[in-house]
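We name chains A, B, ... by the order of the sequence lines, and we start the count at 1 in each one.
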Protein chains: 2
Amino acid sequence: MEYQEAKEKFINTWGSLGTLWGINKAMAQIQSLLFISTKPLSMEEIMAELKISRGNTSMNLRQLMDWGIVTKELVPGERKEFFATEKDVQELARHIAKERSRREIKPVIKILKEVSSIEDDGTAKTKELIKQTKALFDLAETADTMMNKIVNQEHNWITKSLLKLIK
Amino acid sequence: MEYQEAKEKFINTWGSLGTLWGINKAMAQIQSLLFISTKPLSMEEIMAELKISRGNTSMNLRQLMDWGIVTKELVPGERKEFFATEKDVQELARHIAKERSRREIKPVIKILKEVSSIEDDGTAKTKELIKQTKALFDLAETADTMMNKIVNQEHNWITKSLLKLIK
DNA sequence: ACAAACTTTCAATAATTATTGAAAGTTCAG
DNA sequence: CTGAACTTTCAATAATTATTGAAAGTTTGT
(Lines give C-alpha, C1' and ligand atoms only; values in the text may rest on other atoms or scores of the structure.)
Protein backbone atom coordinates (compact mmCIF):
# COMPACT_ATOMS: atom_id res chain seq x y z
CA MET A 1 0.00 0.00 0.00
CA GLU A 2 1.45 3.34 -0.93
CA TYR A 3 0.63 6.87 0.07
CA GLN A 4 -2.38 7.68 -2.08
CA GLU A 5 -4.18 4.45 -1.28
CA ALA A 6 -3.45 4.72 2.43
CA LYS A 7 -4.66 8.30 2.48
CA GLU A 8 -7.93 7.44 0.76
CA LYS A 9 -8.44 4.47 3.04
CA PHE A 10 -7.96 6.62 6.08
CA ILE A 11 -10.29 9.39 4.90
CA ASN A 12 -12.99 6.93 3.89
CA THR A 13 -12.79 4.92 7.07
CA TRP A 14 -12.99 8.04 9.16
CA GLY A 15 -15.94 9.24 7.10
CA SER A 16 -17.86 6.01 7.65
CA LEU A 17 -17.09 5.95 11.36
CA GLY A 18 -18.43 9.48 11.59
CA THR A 19 -21.64 8.49 9.84
CA LEU A 20 -22.09 5.58 12.21
CA TRP A 21 -21.82 7.94 15.16
CA GLY A 22 -24.14 10.60 13.85
CA ILE A 23 -21.51 12.83 12.27
CA ASN A 24 -21.93 13.86 8.70
CA LYS A 25 -19.60 12.26 6.21
CA ALA A 26 -18.23 15.39 4.57
CA MET A 27 -17.46 16.88 7.95
CA ALA A 28 -15.54 13.82 9.06
CA GLN A 29 -13.69 13.66 5.77
CA ILE A 30 -12.67 17.30 5.78
CA GLN A 31 -11.36 16.94 9.29
CA SER A 32 -9.39 13.82 8.46
CA LEU A 33 -7.96 15.41 5.34
CA LEU A 34 -6.70 18.35 7.37
CA PHE A 35 -5.48 16.01 10.06
CA ILE A 36 -2.95 14.36 7.76
CA SER A 37 -2.11 17.41 5.70
CA THR A 38 1.36 18.91 6.11
CA LYS A 39 -0.03 22.42 5.66
CA PRO A 40 -3.28 24.35 5.96
CA LEU A 41 -5.58 23.86 2.96
CA SER A 42 -7.73 26.29 1.03
CA MET A 43 -11.36 25.68 0.23
CA GLU A 44 -10.41 24.97 -3.37
CA GLU A 45 -8.00 22.28 -2.33
CA ILE A 46 -10.50 20.62 -0.02
CA MET A 47 -13.22 20.68 -2.68
CA ALA A 48 -10.89 19.17 -5.25
CA GLU A 49 -9.48 16.51 -2.95
CA LEU A 50 -12.85 15.28 -1.65
CA LYS A 51 -14.89 16.09 -4.75
CA ILE A 52 -17.51 18.02 -2.86
CA SER A 53 -19.19 21.32 -3.69
CA ARG A 54 -18.21 24.76 -2.49
CA GLY A 55 -21.35 25.13 -0.42
CA ASN A 56 -20.90 21.81 1.28
CA THR A 57 -17.28 22.59 2.07
CA SER A 58 -18.14 25.99 3.47
CA MET A 59 -20.92 24.72 5.71
CA ASN A 60 -18.98 21.81 7.08
CA LEU A 61 -15.90 23.91 7.72
CA ARG A 62 -18.10 26.20 9.72
CA GLN A 63 -19.42 23.33 11.78
CA LEU A 64 -15.91 22.09 12.42
CA MET A 65 -14.97 25.56 13.62
CA ASP A 66 -18.05 25.59 15.86
CA TRP A 67 -16.81 22.36 17.34
CA GLY A 68 -13.50 24.08 17.98
CA ILE A 69 -11.39 21.59 16.08
CA VAL A 70 -10.67 23.56 12.91
CA THR A 71 -9.27 27.07 12.66
CA LYS A 72 -8.75 29.60 9.91
CA GLU A 73 -5.12 30.23 9.16
CA LEU A 74 -4.18 33.41 7.39
CA VAL A 75 -1.32 32.81 5.02
CA PRO A 76 0.66 36.03 4.42
CA GLY A 77 0.33 37.35 0.91
CA GLU A 78 -2.67 35.15 0.15
CA ARG A 79 -6.13 36.53 -0.21
CA LYS A 80 -8.01 33.31 0.33
CA GLU A 81 -8.47 31.56 3.63
CA PHE A 82 -6.72 28.42 4.73
CA PHE A 83 -7.89 25.87 7.24
CA ALA A 84 -6.13 23.62 9.71
CA THR A 85 -7.34 21.15 12.30
CA GLU A 86 -6.05 20.54 15.77
CA LYS A 87 -3.17 18.16 15.25
CA ASP A 88 -2.80 16.81 18.73
CA VAL A 89 -5.08 13.81 19.25
CA GLN A 90 -5.44 14.45 22.96
CA GLU A 91 -6.57 18.01 22.38
CA LEU A 92 -8.86 16.77 19.65
CA ALA A 93 -10.45 14.21 21.96
CA ARG A 94 -10.75 16.87 24.64
CA HIS A 95 -12.63 19.26 22.39
CA ILE A 96 -14.96 16.62 21.05
CA ALA A 97 -15.75 15.12 24.44
CA LYS A 98 -16.34 18.55 25.91
CA GLU A 99 -18.67 19.62 23.14
CA ARG A 100 -20.65 16.40 23.01
CA SER A 101 -21.06 16.59 26.76
CA ARG A 102 -22.25 20.19 26.61
CA ARG A 103 -24.57 19.78 23.65
CA GLU A 104 -25.94 16.30 24.04
CA ILE A 105 -25.25 14.66 27.38
CA LYS A 106 -25.89 17.51 29.77
CA PRO A 107 -29.37 18.26 28.37
CA VAL A 108 -30.33 14.60 28.60
CA ILE A 109 -29.06 14.42 32.17
CA LYS A 110 -31.22 17.40 32.98
CA ILE A 111 -34.31 15.65 31.63
CA LEU A 112 -33.44 12.46 33.47
CA LYS A 113 -33.24 14.43 36.66
CA GLU A 114 -36.63 16.01 36.04
CA VAL A 115 -38.29 12.76 35.12
CA SER A 116 -36.81 10.89 38.06
CA SER A 117 -38.06 13.62 40.38
CA ILE A 118 -41.77 13.26 39.72
CA GLU A 119 -43.92 12.68 42.73
CA ASP A 120 -44.22 9.07 43.84
CA ASP A 121 -47.95 8.35 43.71
CA GLY A 122 -47.40 4.90 45.11
CA THR A 123 -48.23 2.95 41.94
CA ALA A 124 -45.84 0.30 40.71
CA LYS A 125 -45.35 1.90 37.33
CA THR A 126 -44.47 5.27 38.80
CA LYS A 127 -42.05 3.63 41.19
CA GLU A 128 -40.45 1.79 38.29
CA LEU A 129 -40.12 4.94 36.18
CA ILE A 130 -38.49 6.77 39.06
CA LYS A 131 -36.17 3.92 39.90
CA GLN A 132 -34.99 3.31 36.33
CA THR A 133 -34.55 6.91 35.29
CA LYS A 134 -32.72 7.56 38.52
CA ALA A 135 -30.33 4.71 37.80
CA LEU A 136 -29.78 6.07 34.31
CA PHE A 137 -29.25 9.52 35.71
CA ASP A 138 -26.58 8.26 38.10
CA LEU A 139 -24.82 6.33 35.36
CA ALA A 140 -24.95 9.20 32.90
CA GLU A 141 -23.66 11.65 35.43
CA THR A 142 -20.82 9.43 36.54
CA ALA A 143 -19.82 8.68 32.97
CA ASP A 144 -20.02 12.34 32.00
CA THR A 145 -17.94 13.42 34.98
CA MET A 146 -15.35 10.73 34.34
CA MET A 147 -15.13 11.57 30.68
CA ASN A 148 -14.69 15.25 31.34
CA LYS A 149 -12.15 14.80 34.09
CA ILE A 150 -10.09 12.32 32.16
CA VAL A 151 -10.12 14.46 29.10
CA ASN A 152 -9.73 17.87 30.70
CA GLN A 153 -6.85 18.06 33.16
CA GLU A 154 -3.27 17.91 32.15
CA HIS A 155 -3.48 14.29 32.90
CA ASN A 156 -0.46 12.29 32.09
CA TRP A 157 -0.35 11.14 35.66
CA ILE A 158 -4.01 10.32 35.72
CA THR A 159 -3.90 8.37 32.48
CA LYS A 160 -0.94 6.44 33.75
CA SER A 161 -2.60 5.66 37.06
CA LEU A 162 -5.72 4.62 35.27
CA LEU A 163 -3.93 2.34 32.93
CA LYS A 164 -2.00 0.77 35.78
CA LEU A 165 -5.30 0.20 37.53
CA ILE A 166 -7.09 -1.50 34.69
CA LYS A 167 -4.37 -3.26 32.72
CA MET B 1 -45.51 16.54 36.00
CA GLU B 2 -47.35 13.30 36.39
CA TYR B 3 -46.68 9.80 35.18
CA GLN B 4 -47.87 9.92 31.60
CA GLU B 5 -46.06 13.14 30.79
CA ALA B 6 -42.85 12.00 32.46
CA LYS B 7 -42.98 8.70 30.62
CA GLU B 8 -43.43 10.39 27.25
CA LYS B 9 -40.70 12.86 27.98
CA PHE B 10 -38.31 10.07 28.86
CA ILE B 11 -39.12 8.00 25.78
CA ASN B 12 -38.85 10.97 23.47
CA THR B 13 -35.61 12.23 24.95
CA TRP B 14 -34.08 8.81 24.72
CA GLY B 15 -35.27 8.52 21.13
CA SER B 16 -33.65 11.80 20.14
CA LEU B 17 -30.42 10.98 21.90
CA GLY B 18 -30.32 7.71 20.00
CA THR B 19 -30.79 9.51 16.70
CA LEU B 20 -27.99 11.88 17.56
CA TRP B 21 -25.67 8.94 18.14
CA GLY B 22 -26.57 6.98 15.05
CA ILE B 23 -29.24 4.78 16.62
CA ASN B 24 -32.61 4.60 15.01
CA LYS B 25 -35.41 6.32 16.84
CA ALA B 26 -37.86 3.44 17.01
CA MET B 27 -35.16 1.17 18.38
CA ALA B 28 -34.25 3.62 21.11
CA GLN B 29 -37.89 4.19 21.97
CA ILE B 30 -38.76 0.51 22.17
CA GLN B 31 -35.82 -0.07 24.47
CA SER B 32 -36.73 2.83 26.72
CA LEU B 33 -40.36 1.74 26.86
CA LEU B 34 -39.30 -1.71 28.01
CA PHE B 35 -36.80 -0.19 30.38
CA ILE B 36 -39.48 1.50 32.47
CA SER B 37 -42.14 -1.15 32.06
CA THR B 38 -43.08 -3.20 35.10
CA LYS B 39 -43.61 -6.29 32.98
CA PRO B 40 -42.61 -7.73 29.60
CA LEU B 41 -44.62 -6.28 26.72
CA SER B 42 -46.13 -7.92 23.65
CA MET B 43 -45.67 -6.64 20.16
CA GLU B 44 -49.24 -5.34 20.17
CA GLU B 45 -48.59 -3.31 23.28
CA ILE B 46 -45.39 -1.82 21.91
CA MET B 47 -47.04 -0.93 18.62
CA ALA B 48 -49.96 0.73 20.40
CA GLU B 49 -47.83 2.60 22.87
CA LEU B 50 -45.36 4.03 20.35
CA LYS B 51 -47.75 4.17 17.41
CA ILE B 52 -45.46 2.31 15.07
CA SER B 53 -46.22 -0.45 12.61
CA ARG B 54 -45.93 -4.17 13.17
CA GLY B 55 -43.07 -4.48 10.71
CA ASN B 56 -41.11 -1.70 12.29
CA THR B 57 -41.61 -3.15 15.74
CA SER B 58 -40.56 -6.60 14.62
CA MET B 59 -37.39 -5.41 12.90
CA ASN B 60 -36.27 -3.18 15.71
CA LEU B 61 -36.94 -5.79 18.35
CA ARG B 62 -34.75 -8.11 16.36
CA GLN B 63 -31.96 -5.56 16.29
CA LEU B 64 -32.26 -5.02 20.02
CA MET B 65 -31.97 -8.76 20.51
CA ASP B 66 -28.90 -8.82 18.24
CA TRP B 67 -27.39 -6.18 20.48
CA GLY B 68 -28.09 -8.47 23.42
CA ILE B 69 -30.15 -5.97 25.38
CA VAL B 70 -33.64 -7.32 24.78
CA THR B 71 -34.87 -10.87 25.30
CA LYS B 72 -38.02 -12.82 24.52
CA GLU B 73 -39.95 -13.80 27.57
CA LEU B 74 -42.41 -16.64 27.31
CA VAL B 75 -45.42 -15.98 29.45
CA PRO B 76 -47.09 -19.27 30.50
CA GLY B 77 -50.49 -19.75 28.98
CA GLU B 78 -49.93 -17.03 26.36
CA ARG B 79 -49.40 -17.79 22.75
CA LYS B 80 -47.79 -14.51 21.80
CA GLU B 81 -44.28 -13.45 22.63
CA PHE B 82 -43.31 -10.89 25.22
CA PHE B 83 -40.20 -8.79 25.32
CA ALA B 84 -38.10 -7.39 28.12
CA THR B 85 -34.91 -5.36 28.21
CA GLU B 86 -31.95 -5.70 30.50
CA LYS B 87 -32.98 -3.72 33.54
CA ASP B 88 -29.62 -3.19 35.14
CA VAL B 89 -27.97 -0.06 33.76
CA GLN B 90 -24.47 -1.40 34.33
CA GLU B 91 -25.21 -4.53 32.37
CA LEU B 92 -26.85 -2.43 29.71
CA ALA B 93 -23.81 -0.21 29.39
CA ARG B 94 -21.61 -3.28 29.32
CA HIS B 95 -23.50 -4.85 26.42
CA ILE B 96 -23.63 -1.67 24.40
CA ALA B 97 -19.97 -0.82 24.90
CA LYS B 98 -18.93 -4.35 24.07
CA GLU B 99 -20.96 -4.47 20.88
CA ARG B 100 -19.95 -1.03 19.66
CA SER B 101 -16.34 -1.93 20.28
CA ARG B 102 -16.65 -5.18 18.38
CA ARG B 103 -18.64 -3.85 15.46
CA GLU B 104 -17.31 -0.35 15.02
CA ILE B 105 -14.16 0.46 16.94
CA LYS B 106 -12.12 -2.69 16.41
CA PRO B 107 -12.47 -2.60 12.61
CA VAL B 108 -11.38 1.04 12.54
CA ILE B 109 -8.42 0.30 14.77
CA LYS B 110 -7.41 -2.41 12.34
CA ILE B 111 -7.45 0.03 9.43
CA LEU B 112 -5.54 2.62 11.44
CA LYS B 113 -2.89 0.01 12.09
CA GLU B 114 -2.65 -0.85 8.43
CA VAL B 115 -2.51 2.74 7.28
CA SER B 116 0.06 3.71 9.88
CA SER B 117 2.22 0.79 8.80
CA ILE B 118 2.84 1.85 5.21
CA GLU B 119 6.42 2.14 4.16
CA ASP B 120 8.08 5.44 4.94
CA ASP B 121 9.22 6.73 1.57
CA GLY B 122 10.88 9.73 3.18
CA THR B 123 8.46 12.37 1.91
CA ALA B 124 6.94 14.82 4.37
CA LYS B 125 3.39 13.87 3.55
CA THR B 126 3.99 10.18 4.09
CA LYS B 127 5.72 10.92 7.37
CA GLU B 128 2.76 13.03 8.44
CA LEU B 129 0.23 10.36 7.50
CA ILE B 130 2.14 7.76 9.44
CA LYS B 131 2.62 9.97 12.46
CA GLN B 132 -0.98 11.12 12.70
CA THR B 133 -2.65 7.79 12.07
CA LYS B 134 -0.29 6.21 14.54
CA ALA B 135 -1.29 8.75 17.18
CA LEU B 136 -4.92 8.06 16.43
CA PHE B 137 -4.29 4.34 16.60
CA ASP B 138 -2.71 4.67 20.02
CA LEU B 139 -5.52 6.82 21.31
CA ALA B 140 -8.24 4.58 19.91
CA GLU B 141 -6.63 1.48 21.30
CA THR B 142 -6.14 2.95 24.74
CA ALA B 143 -9.69 4.25 24.84
CA ASP B 144 -11.10 0.96 23.62
CA THR B 145 -9.12 -1.02 26.15
CA MET B 146 -10.12 1.28 28.98
CA MET B 147 -13.73 1.21 28.00
CA ASN B 148 -13.83 -2.54 27.81
CA LYS B 149 -11.98 -3.08 31.03
CA ILE B 150 -14.08 -0.60 32.95
CA VAL B 151 -17.24 -2.03 31.60
CA ASN B 152 -16.40 -5.73 31.69
CA GLN B 153 -15.06 -6.91 35.00
CA GLU B 154 -17.16 -7.11 38.09
CA HIS B 155 -15.78 -3.76 38.91
CA ASN B 156 -17.25 -2.15 41.92
CA TRP B 157 -13.78 -1.85 43.31
CA ILE B 158 -12.40 -0.44 40.10
CA THR B 159 -15.18 2.09 39.69
CA LYS B 160 -14.67 3.23 43.22
CA SER B 161 -10.91 3.56 42.79
CA LEU B 162 -11.45 5.42 39.58
CA LEU B 163 -13.87 7.86 41.07
CA LYS B 164 -11.57 8.46 44.01
CA LEU B 165 -8.80 9.16 41.53
CA ILE B 166 -10.61 11.70 39.46
CA LYS B 167 -13.03 13.38 41.85
C1' DA C 1 -53.54 -32.08 8.80
C1' DC C 2 -55.87 -27.83 9.39
C1' DA C 3 -56.59 -23.31 10.64
C1' DA C 4 -56.11 -19.68 13.91
C1' DA C 5 -52.74 -16.86 16.07
C1' DC C 6 -49.01 -14.96 15.73
C1' DT C 7 -44.22 -13.13 13.52
C1' DT C 8 -41.20 -12.00 9.75
C1' DT C 9 -40.02 -10.26 5.37
C1' DC C 10 -39.63 -6.96 1.88
C1' DA C 11 -41.08 -3.89 -1.96
C1' DA C 12 -43.15 0.47 -1.92
C1' DT C 13 -43.31 4.89 0.18
C1' DA C 14 -42.37 8.49 3.37
C1' DA C 15 -39.33 11.15 6.13
C1' DT C 16 -35.04 12.85 6.99
C1' DT C 17 -30.60 14.45 5.99
C1' DA C 18 -26.87 15.78 2.86
C1' DT C 19 -25.41 18.08 -1.21
C1' DT C 20 -25.40 21.14 -4.96
C1' DG C 21 -24.86 25.44 -7.38
C1' DA C 22 -25.95 29.86 -8.29
C1' DA C 23 -27.18 34.26 -6.28
C1' DA C 24 -26.15 37.28 -2.60
C1' DG C 25 -22.81 38.85 0.51
C1' DT C 26 -18.14 40.35 1.97
C1' DT C 27 -13.51 42.05 1.70
C1' DC C 28 -9.85 44.48 -0.02
C1' DA C 29 -6.41 46.38 -3.49
C1' DG C 30 -5.99 50.00 -6.48
C1' DC D 1 -15.61 53.87 -4.85
C1' DT D 2 -15.25 49.89 -7.89
C1' DG D 3 -14.73 45.43 -9.22
C1' DA D 4 -12.26 41.18 -8.74
C1' DA D 5 -11.57 37.51 -5.48
C1' DC D 6 -13.30 35.16 -2.45
C1' DT D 7 -17.10 33.11 1.06
C1' DT D 8 -21.73 32.30 2.65
C1' DT D 9 -26.47 31.34 2.18
C1' DC D 10 -30.34 28.80 0.86
C1' DA D 11 -33.96 26.85 -2.18
C1' DA D 12 -33.92 22.93 -5.04
C1' DT D 13 -32.55 18.24 -5.55
C1' DA D 14 -30.39 13.96 -4.53
C1' DA D 15 -29.15 10.36 -1.47
C1' DT D 16 -29.94 7.89 2.45
C1' DT D 17 -32.52 5.90 6.03
C1' DA D 18 -36.83 4.70 8.37
C1' DT D 19 -41.46 3.10 8.13
C1' DT D 20 -45.46 0.91 6.47
C1' DG D 21 -48.55 -2.83 5.45
C1' DA D 22 -49.78 -6.78 3.31
C1' DA D 23 -48.23 -11.26 1.79
C1' DA D 24 -45.55 -15.08 3.16
C1' DG D 25 -43.90 -17.75 6.85
C1' DT D 26 -44.15 -20.20 11.34
C1' DT D 27 -46.03 -22.31 15.36
C1' DT D 28 -49.37 -24.61 18.07
C1' DG D 29 -53.79 -26.49 19.72
C1' DT D 30 -57.20 -29.62 18.39
From [atom1] of [X] over to [atom2] of [N], roughly how many Å is that when rounded to an integer?
X     : N      : atom1 : atom2 : answer
B:L74 : D:dT27 : CG    : P     : 13 Å
A:K80 : C:dT26 : NZ    : P     : 22 Å
A:K72 : C:dT27 : NZ    : P     : 9 Å
A:I46 : C:dT20 : CD1   : P     : 14 Å
B:M27 : D:dT17 : CE    : P     : 15 Å
A:Q63 : D:dT8  : CD    : C1'   : 14 Å
B:F83 : C:dC6  : CZ    : P     : 13 Å
B:M59 : D:dT19 : CE    : P     : 11 Å

Result for 5'-nearest mapping on DNA chain D, choosing between A:E44 and A:R79, is A:R79
Nearest-nucleotide check on DNA chain D, B:G55 vs A:N56; residue mapping nearer the 5' end is A:N56
* **Under 3.5 Å donor-acceptor pair, B:R54 side-chain atoms to C:dT8 base atoms** =>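 No.
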side-chain contact (heavy atoms from CB on, under 4.5 Å) with A:L129: which of A:D120, A:T123, A:I118?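 Single side-chain contact (heavy atoms from CB on, under 4.5 Å) partner of A:L129 among A:D120, A:T123, A:I118: A:I118.
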- Message: Closer than 3.5 angstrom, by distance alone: can the side chain of B:S32 be matched with the main-chain N or O of B:A28 as a donor-acceptor pair?
- Response: yes
Side chain of [X] - closest among [options]:
X     : options                : value
B:K25 : D:dC6, D:dT19, D:dT28  : D:dT19
B:S53 : D:dG21, C:dT17, C:dG21 : D:dG21
A:R62 : D:dT20, D:dT8, D:dC6   : D:dT8
A:S58 : D:dT27, D:dT9, C:dT19  : D:dT9

Next item on the list: Using distance alone, with no hydrogens and no angle criterion, decide if A:E128 and A:T126 have a side-chain donor and acceptor under 3.5 Å apart.
Entry: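 A:T126 and A:E128 do not have a side-chain donor-acceptor pair below 3.5 Å.
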Any B:N24 side-chain N or O less than 4.0 Å from OP1/OP2 of D:dT19: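 So the side-chain polar atoms of B:N24 do come within 4.0 Å of the phosphate oxygens OP1 or OP2 of D:dT19, strictly under.
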Give the ring-plane orientation class for B:W21 versus A:W21, where under 30° counts as parallel, over 60° as perpendicular and anything between as tilted. perpendicular
Margin query: When you measure from the centre of the six-membered ring of A:W67, is the NZ or CZ of A:R100 closer than 6.0 Å and no more than 45° off the axis?
Written below: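 Negative - A:R100 is either too far from the ring of A:W67 or too far off its axis.
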